Structure formats: C-alpha cells, structure tokens
Amino acid sequence: MWTLVIDTGKHRGREVKLRAKEIVIGRAEEAQIRIGSGEVSRQHCTLQPFKEGVHVTDHGSRNGTLINDVRIESESLLTAGNTLTVGPMRFRLVEIPDIEKSVAPRPGGDQKLTDDDIADWLTDSGHPATGDTTIVGGLGPASTEEQDEEQIAEQEPPVPKRWVPPASKMRFDSIAEEAADIIRRHREMLKAEEEAG
C-alpha cells in the first residue's frame, strides 16, 4: 500500500494512506486531501496509485506540482522515497507492505482481523481512521497555523495518560503475532479503565 508521509509543518510525520483509485489534492472542499493555502489551486493535482508507484497529474496549477523539487509538466511517476510538493506541503512516498487479512482471531468469535483493524490499532497519529484518505486543512501561513493550534487547544481537553500493559515478549516471530499482542494489550487497557471508572 502506498502512503504519503507529511514532511513539513505541524502535521509532520502524519501518514495519508492512498487507498482510493484516484485522490485529488487541492483547496476545494471536495478534495480528498485538502490543503487550505492560497498557494494551492482548488483542484491542484490528482494521484493514482499503481503497483509501480503513484501517477501524479498536475491540473495546470498556478504554482505547479513538484516531484523531488522538479516541476512536472502534466503527468509523472512518484516512486518510493520520492518527494511530492504541493504548495507549502511536502510529502514523502513510502510503500507499506500489506498484512495478511486473517492474522488473528478476535476473542469470542470466528471473525478475522482485517488490514484496517490492524492499521487502526497500530496507528501512531492518534487519530482514528475515517475513510480512504485523510483531509488536511488549515495549513496556511504560520500565523494561521498558530491560530488553528490555539482553537484546537481550546476545543479539546487534555487527554490523561493511560496505563498500558507490557508486551508479552520483546521479539515477535511475525507482524501478525505482534499485532495480536498490541490488540490484547489495548483490550486489557480498556477493561482496566472500565473497571476504574
């Protein structure tokens, strides 16, 4: 699975999984990856994931779309490790191997975990998966970013630290085994919180 990792700004390190067949980056509300900056056109460019990489098509944007700091004319291939720059945002393309869909049974049933289940548990962005792509907004000039951060700080109360059970072992034989252990620990943590409060 192809993933864009944000390399700039306050969202640095956040991952955007490219699951849809076509992803529009732009300033418009209907863009799947929305960048709220005057440097970005309403429909700036389109991404199409393929096995060999991601095809990037610029839609005649005023400021252009850059791959490895070189402006593309119309369409170009973005491959693993390359950077994509759209307005003030720089992304790095990484390939994350798909995990087998049936890695561990859920407790109390015959259902299997899906890639999405595991991705939700393993995400370190702190945001639940909300769909095929992530919408990134409010990424204008520094003063706007500071205002956005202040508004978010006012709206969201601080999250208290949670007790997290220790891993069952230091080294795992497979990603599936490690994912199952993470899920087990998460469920233990939720159970402890439920009993405490």
Side-chain angles (χ1 to χ4, degrees), residues 1-98 114-116 119-120 122-157 159:
M1 173 185 296
W2 294 110
T3 299
L4 289 176
V5 178
I6 300 173
D7 274 349
T8 55
K10 67 180 180 179
H11 296 286
R12 186 181 183 126
R14 189 168 176 185
E15 296 179 354
V16 181
K17 295 176 183 169
L18 304 179
R19 293 184 180 151
K21 290 182 181 180
E22 186 173 279
I23 298 110
V24 175
I25 298 179
R27 201 176 68 244
E29 289 287 325
E30 56 273 5
Q32 286 84 12
I33 300 177
R34 187 168 44 98
I35 302 173
S37 168
E39 296 176 45
V40 178
S41 299
R42 290 185 52 73
Q43 291 194 356
H44 199 95
C45 63
T46 300
L47 309 179
Q48 292 178 301
F50 290 97
K51 185 176 183 178
E52 68 275 9
V54 177
H55 290 264
V56 180
T57 305
D58 183 79
H59 295 294
S61 62
R62 184 178 36 155
N63 293 319
T65 301
L66 308 174
I67 292 181
N68 293 332
D69 298 323
V70 176
R71 186 174 181 153
I72 64 171
E73 293 304 316
S74 58
E75 184 177 311
S76 190
L77 182 66
L78 183 68
T79 57
N82 289 173
T83 60
L84 171 70
T85 305
V86 178
M89 296 294 297
R90 178 188 296 262
F91 304 92
R92 184 174 29 87
L93 184 68
V94 296
E95 185 175 14
I96 298 176
D98 289 329
T114 65
D115 290 347
D116 291 337
D120 288 345
L122 298 179
T123 184
D124 41 341
S125 67
H127 302 286
T130 56
D132 287 334
T133 55
T134 303
I135 295 175
V136 179
L139 300 173
S143 59
T144 305
E145 288 180 9
E146 290 169 7
Q147 290 172 358
D148 289 345
E149 287 175 353
E150 289 173 12
Q151 289 173 353
I152 290 170
E154 291 172 9
Q155 295 171 357
E156 298 175 5
V159 178

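Atoms considered below: every heavy atom in the structure, side chains included; atoms not considered: hydrogens, waters and symmetry mates. Given the structure is predicted, the values throughout are model-derived calculations rather than measurements. Numbers for residues simply follow the sequence, beginning at 1.
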- [ ] Take V24 and E30, measure what side chain to side chain contact (heavy atoms under 4.5 Å, CB included) needs, and give me the verdict at the end.
- [x] CA-CA 8 Å; V24 175; E30 56 273 5; over 6 Å; no

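Side-chain contact between I25 and T65 is absent, with no heavy atoms from C-beta onward closer than 4.5 Å. Side-chain contact between V56 and E75 is absent, with no heavy-atom pair separated by less than 4.5 Å. Using a 4.5 Å heavy-atom cutoff, the side chains of P88 and V40 are in contact. Side chains of I23 and P49 form a contact here, defined as non-hydrogen atoms less than 4.5 Å apart.
A search for side-chain hydrogen bond (donor to acceptor under 3.5 Å, both in side chains) contacts involving N82 returns T79, not counting sequence neighbours. Every residue two or more places apart in sequence or in another chain that forms a side-chain contact (heavy atoms from CB on, under 4.5 Å) with A80 is listed here: W2. By the side-chain contact (heavy atoms from CB on, under 4.5 Å) test, L66 pairs with R71, T85, sequence neighbours left out. Judged as a side-chain hydrogen bond (donor to acceptor under 3.5 Å, both in side chains), and not counting sequence neighbours, E95 has no contacts. E73 is linked by a side-chain contact (heavy atoms from CB on, under 4.5 Å) to nothing, counting only residues two or more places apart in sequence or in another chain.
Taking CD of Q32 as the start and CG of L47 as the end, the distance is 9.5 Å to the nearest 0.5 Å. One finds the CG atom of L93 at 8.0 Å from the OG1 atom of T3 (value rounded to the nearest 0.5 Å). Distance NE2/H11 to CE/M89: 6.5 Å, rounded to 0.5 Å. Taken to the nearest 0.5 Å, the CG atom of L84 stands 11.0 Å off from the CD1 atom of I6. A distance of 5.5 Å separates CD1 of I33 from CZ of F91, quoted to the nearest 0.5 Å. Put simply, OG1 on T46 and NE2 on H55 are 13.0 Å apart, with the number rounded to the nearest 0.5 Å.
The backbone N or O of G64 sits less than 3.5 Å from a side-chain atom of H44, completing a donor-acceptor pair. Checked by atom type and distance alone, the side chain of D58 never pairs as donor or acceptor with a backbone atom of I72 at under 3.5 Å.
What you find for H59 and Q43 is that their closest heavy atoms are CB-O, 3.3 Å.
The salt bridge (Lys or Arg N to Asp or Glu O under 4.0 Å) analysis of residues 76-94, with sequence neighbours excluded, yields the pairs D7-R92, D69-R90.
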